[in-house]
Amino acid sequence: MKKLEMLYKGKAKKMYATDEPDVLWVEYMNQATAFNGEKKEQIEGKGSLNNRITSVLFDLLRARGIESHFVRRISDTEQLVRKMDMFPLEIIMRNTAAGSFAKRYGVEEGTPLKKPILEFCVKSDDLGDPFINNDGLVALGIVTEDELAEISRIAYAVNDALTDIFSKIDVRLVDFKIEEGRTSDGAILLADEITPDTCRLWDLKDGNGGKDDDGAIEHLDKDLFRRGLGSIIPAYEEIYARLTALAEAEGVERAE
Ligand code: ADP
Ligand code: TMP
Ligand code: ASP
């Protein structure tokens, strides 16, 4: 496989064409951003950790019947994926109140939710990724009713599988963001990345629901960076080590 021209440089990844029209070459960068790129830092080792974490997660998901765009990891910081026509959506799933949801409704972070909440935001840096409801998505022609049903089905299935995966490594999956797109043959698939940049992951090792004895959240995710609480690297290394051990214990086939 040959790496050709760069098609897109985002906040966390560069996407390149390859000599296969349906395959993209993805490079994970060390850049960390928050608040729509307002806060920005280079963090040595982040690109490699996220590339490896998302790869093992896509392998663990495949073993649970969930297909994605992931083809295989080709180096520390690079992987091949199927080229998709992306829906311009941030698909957010919440199992526990935290972040913007907790703020919006004035509830304490960590409040359990009686059911998972699926939320959509329109992916637009200019507009700050605004929230949109299901009717809005169809009314604006961003997706059809049928697409929305399939996108939502996949999001709930990913939540079930990820909840199972993280519960097995003593991590509370508080919420996460995914993206989906369409392949050239018309199937809707999970794409982009699943990493501690895009999930809230709280450490359950101490058995306090992800909080320490003083009630402070034990973050293993990008909130460490967003909130200026310390280095993300040891936390991302911990997530990678636990996921790798799980994949090994389950005998999951690794695409690398
Ligand atoms: P952002 O665009 O939010 O700054 P990234 O730096 O992660 O994010 O850039 C990756 C871009 O590639 C995103 O816009 C994402 O929607 C897009 N993308 C992810 N997976 C695929 C895929 N399989 N095919 C085409 N585009 C993809
Ligand atoms: P929020 O509580 O800030 O809305 O975030 C919900 C989840 O989505 C959380 O796991 C972090 C993730 N997320 C992204 O992946 N990208 C983003 O741009 C934002 C705002 C959140
Ligand atoms: N991804 C967004 C940004 O880079 C925000 C976030 O992850 O908090 O600005």
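Whatever order the structure lists ligands and atoms in, that order sets their numbers, starting from 1.
- Only side-chain heavy atoms of His69 come within less than 4.0 Å of ligand 1; its backbone N, CA, C and O stay farther off.
- Under 4.0 angstrom from ligand 1, the non-hydrogen atoms of Val81 all belong to its side chain.
- Ranking the protein heavy atoms by distance from atom 19 (C) of ligand 2 puts Glu90 OE1, 4.1 Å first.
- Annotation for ligand 2: atoms under 4.0 Å from non-hydrogen atoms of Gly99 are 2 (O).
- In Asp85, neither the side chain nor the backbone holds a heavy atom less than 4.0 Å from any atom of ligand 1.
- Nearest to atom 1 (P) of ligand 2 among the protein's heavy atoms is Ser100 OG, 3.3 Å.
- Looking only at protein heavy atoms, the nearest one to atom 21 (C) of ligand 2 is Arg226 NH2, 4.4 Å.
- With a heavy-atom cut-off of 4.0 Å, Lys13 touches ligand 1 through backbone and side chain alike.
- Residues Asp197 and Thr195 bring no donor and acceptor atom of their side chains to less than 3.5 Å of each other.
- In Arg82, the part holding a heavy atom less than 4.0 Å from any atom of ligand 1 is the backbone.
- Under a 4.0 Å criterion applied to the non-hydrogen atoms of Phe176, ligand 2 contributes the atoms 10 (O).
- Among protein heavy atoms, atom 8 (O) of ligand 2 sits closest to Lys177 CB, 3.5 Å.
- For the atom pair OH (Tyr16) and CD (Glu78), the distance works out to 8.0 Å, reported to the nearest 0.5 Å.
- Annotation: Ala12 places an N or O atom under 3.5 Å from an N or O atom of ligand 1; distance criterion only.
- Judged by distance alone, the side chain of Asp221 and the main-chain N or O of Asp223 form a donor-acceptor pair under 3.5 Å.
- The existence of a salt bridge linking Glu27 and Lys3 is confirmed by a sub-4.0 Å separation between a basic side-chain nitrogen and an acidic carboxylate oxygen.
- With a 4.0 Å cut-off on non-hydrogen atoms, Lys9 does not touch ligand 1 at all.
- Which of Glu27, Arg182, Met84 comes nearest to atom 25 (C) of ligand 1 through a heavy atom is settled by distance: it is Met84.
- Within the 4.0 Å heavy-atom shell around ligand 1 one does not find Met29.
- Taking a distance limit of 4.0 Å, we find that atom 11 (C) of ligand 2 is approached by some protein heavy atom.
- Protein residues with a heavy atom closer than 4.0 Å to ligand 3 are Lys11, Thr33, Ala34, Phe35, Asn36, Gly37, Lys222, Arg226, listed by chain and number.
- Taking all heavy atoms of Lys123, Lys11, Glu179 into account, the minimum distance to atom 16 (O) of ligand 1 is reached by Glu179.
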